[in-house]
Number of protein chains: 2
Amino acid sequence: MIPKQTVNMTDVARRSGVSIASVSRALRGEAGVSPVTRARILSAARDLSYVVSPEASRLSGGPTGRVGVIVPRVDAWFYSTVLAGVADEFDTVGMDLILCTLPDAAARHRFFEALPLRRKVDAVVVVSVPLSARERTRIDQLGVPTVFVGGHHPGPDRFWVGIDDELAARQAVGHLLRIGHRDVAMIQAADDTDIPWATDQARIRGFHRELHEAGHRDPTVVTVTWSVDGGSRGMEILLSRPRLPSAVFCHSDEIALGALRTLRRAGLAVPQSLSIIGVDDHPSAELTDLTTVSQPVREQGQIAARAVLGQLGSEATALSAVTTLPTRLVIRGSTSPPR
Amino acid sequence: MIPKQTVNMTDVARRSGVSIASVSRALRGEAGVSPVTRARILSAARDLSYVVSPEASRLSGGPTGRVGVIVPRVDAWFYSTVLAGVADEFDTVGMDLILCTLPDAAARHRFFEALPLRRKVDAVVVVSVPLSARERTRIDQLGVPTVFVGGHHPGPDRFWVGIDDELAARQAVGHLLRIGHRDVAMIQAADDTDIPWATDQARIRGFHRELHEAGHRDPTVVTVTWSVDGGSRGMEILLSRPRLPSAVFCHSDEIALGALRTLRRAGLAVPQSLSIIGVDDHPSAELTDLTTVSQPVREQGQIAARAVLGQLGSEATALSAVTTLPTRLVIRGSTSPPR
DNA sequence: CTGAAAGCGCTTACAG
DNA sequence: CTGAAAGCGCTTACAG
């Protein structure tokens, strides 16, 4: 066993010739410490490279200095990028990030019932997960500020950041219509969970409304699971139909990538045989020359982190409760006018 | 049913008619509590849905129940996948994961000097980061067990899990030689940091040795930065040379993806004009039909997590200090015999 | 086997 | 502005 460091507040107090009460106040930037004393204390703390014991601080009623971040999973582009944004912001203020993943239904159930974050964090960031009423109640029982990224709006007085998914879908479909497509199908993704994802519903709604307003009724829609393989199968289904649409709006870039794979294997050239468009601007979209609607992802994490810090008073900025970030059409080589 | 915020050990002690000392012992499964008393205490704790305060527990000498995981960044496939493996294992035993990213040199310096993990974790997992002597010393000063994933072997008595990068490179180059290529170039990646990454050196070494043993000398090598754009530029450089190799071994799949992009834009068909092979089996490799050498990534995280738990005594398994996972050639459409 | 008591390292009224 | 003192909720010798 390597001996552990034992610099504590008493050491700093001794070195600066004051009581630990003053050290505590000075270190937390609290009022009521003379500038001279404060400077002396801060310098002593630096010399000893002192860090407060989060345990003791917390036990005495202080904050934990930790925020829990809940993501469905971390090994997926969207979530890991949001997480990077959150981590960045927390890093600059020295806030620790406790990562919670909900890989499957069992883990999810365990998480919300056991509430392992209890007494451990000052705030929580929930990324994308659509919460059941029960789960929302449980999160509330943590008794700390909560910020949501994407998914359902959590209601009044709650911080939310995300994009307008309906608009994103409309931007994609609008582009197809604008370049002349009249027969646009959609490969839509559905999650197998009971609680529908707001994002999914909004994108589907955007697709239908945009077409409807342009006078197109009853578009072809196939539903698959949200994954590259799902997109692949979606395109297989479309190819098995008697008539091919001239363009396909894919629920997401992952779906589109799967669709492209199927088309490549079937020997059908894109966009000559078929135009394909996705949503997200996944890194692979650029690599595969996929036209898409991009959303700022890392920034969603950063804004969520700032909202947390704002609510914890570590930052003075007053952020609005709801932040909707803009999406942008990115035209690449997978779309062209129908021939 | 709804747990009060303030159930503490005293409540459990009162309800079961014993002292808090006995509650503490019973709850931690310590010897020295009669079966009857223990049962009564456990039942009372369940009734009150009591959870031990981690802060108080830690402050009294118990473990923190937290492990720090250090990754260069989280928004990259390899790191996020390792992280997912770690998170999975920790989740099952209720260990909390504190995520630490080192996005740039400044953050890195700050991290190792301030050592924000001090007093906060029971162990540390270091993913891929090649450590300077100073940084290694600082990590040691945390005074907790440390496990390394990938990169340099940390020396005797230290836990390490990773792959044999030299062998992986040989598997890739060996495949090119086996199908008849005699003019194999490499696009190699170099990091801009001062400390060389063991992974990079090993892959370069594997490339040269495999060719050398087959009697091929002085292969063409271009060096770029480790990124898709780097790979793209690497291929541009090769295309600007008077003579094209018949196959290119790419340092990683990311490099290969960039190379493929350049070839596509240049209108050169793969593998007809040129065979391309990478290393890693990045998800995009499958999408772009890239031949590569796959490595188990999530599993590296899982093994690292288990090594941590083993050292903390939470698990009885005796893991060997060094675990080298196998890599595997995955033949797809980007390689074919030269014509 | 069981309990009273002394901490662990802080924060925060409460006095000066 | 500053300090002495009472906790916060546990664990762990130390006694019975």
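Chain naming here is simple, since letters A, B, ... match the order of the sequence lines and numbering starts at 1 in each.
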Verdict with reasoning, A:Arg38 to A:Leu42, per side-chain contact (heavy atoms from CB on, under 4.5 Å): CA-CA 6 Å; A:Arg38 186 186 301 274; A:Leu42 292 180; 4.1 Å; yes
Starting from P on C:dG9, measure out to CG on A:Leu48 and report it in whole angstrom. 15 Å
Distance check needed: D:dG7 P versus B:Glu55 CD, whole Å only. 20 Å
Closest to the 5' end of DNA chain C, once B:Ala56 and A:Arg58 are matched to their nearest nucleotides, is B:Ala56
Rounded to whole Å, please give me the gap between CZ in B:Arg14 and P in C:dG3. 14 Å
Are the charged groups of A:Arg298 and A:Glu89 less than 4.0 angstrom apart, N to O? no
Tell me the interatomic distance from B:Leu27, atom CG, to D:dT12, atom C1', rounded to whole angstroms. 16 Å
Side-chain ion pair, A:Asp96 and A:Lys120, N-O less than 4.0 Å: no
Of all the nucleotides listed (C:dT2, D:dC1, C:dC10), which has the minimum atom distance to the side chain of A:Ser34? D:dC1
Rounding to an integer number of Å, can you tell me how far A:Met9 CE sits from C:dG9 C1'? 8 Å
Under a 3.5 Å cutoff on both atom distances, Watson-Crick or G-U, what's the dot-bracket for DNA chain C ([ ] crossing, | other strand)? |||.||||||||.|||
Heavy-atom nearest nucleotide on DNA chain D taken for B:Ser53 and for A:Arg38; more 5' hit belongs to A:Arg38
Salt-bridge present (A:Asp122, A:Arg66; N to O < 4.0 Å): no
What residues form a side-chain hydrogen bond (donor to acceptor under 3.5 Å, both in side chains) with B:Arg73, not counting sequence neighbours? B:Asp75
Looking at B:Tyr50, I'd like to know if the NZ or CZ of A:Arg118 sits under 6.0 Å from its six-membered ring centre while staying within 45 degrees of the ring's axis. no
Starting at CD of B:Gln302, measure out to OG1 of B:Thr92 and round the result to the nearest 0.5 Å. 9.5 Å
For residues 19-26 of chain A, which residues have at least one heavy atom under 4.0 Å from DNA chain C? A:Ile20, A:Ala21, A:Ser24, A:Arg25
If you measure from the Lys or Arg side-chain nitrogens to the Asp or Glu carboxylate oxygens, is any gap between A:Glu55 and B:Arg119 under 4.0 Å? no
Does B:Ser57 contact D:dC10 through a side-chain donor or acceptor facing the base, at a distance under 3.5 Å? no
Please state how far atom CZ in A:Arg28 lies from atom P in C:dG9, giving the value in whole angstrom units. 18 Å
Rounded distance (Å) that lies between atom P of D:dT2 and atom CD of A:Glu30: 13 Å
In whole angstrom, what separates A:Asn8's CG from C:dG9's P? 5 Å
With a 4.0 Å cutoff (strictly under), does any side-chain N or O of B:Tyr50 reach OP1 or OP2 of D:dC10? yes
B:Thr37, nearest nucleotide to its side chain (from D:dG3, C:dT2, D:dG9): C:dT2
Does B:Leu48 reach the side chain of B:Val12, with side-chain heavy atoms less than 4.5 Å apart? yes
For the side chain of A:Ser60 and the base of C:dC10, is some donor closer than 3.5 Å to an acceptor across the two? yes
Restricting to non-hydrogen atoms, name the atom on B:Ala31 and the atom on B:Arg25 that form the minimum distance, rounded to 0.1 Å. O-CD, 4.4 Å
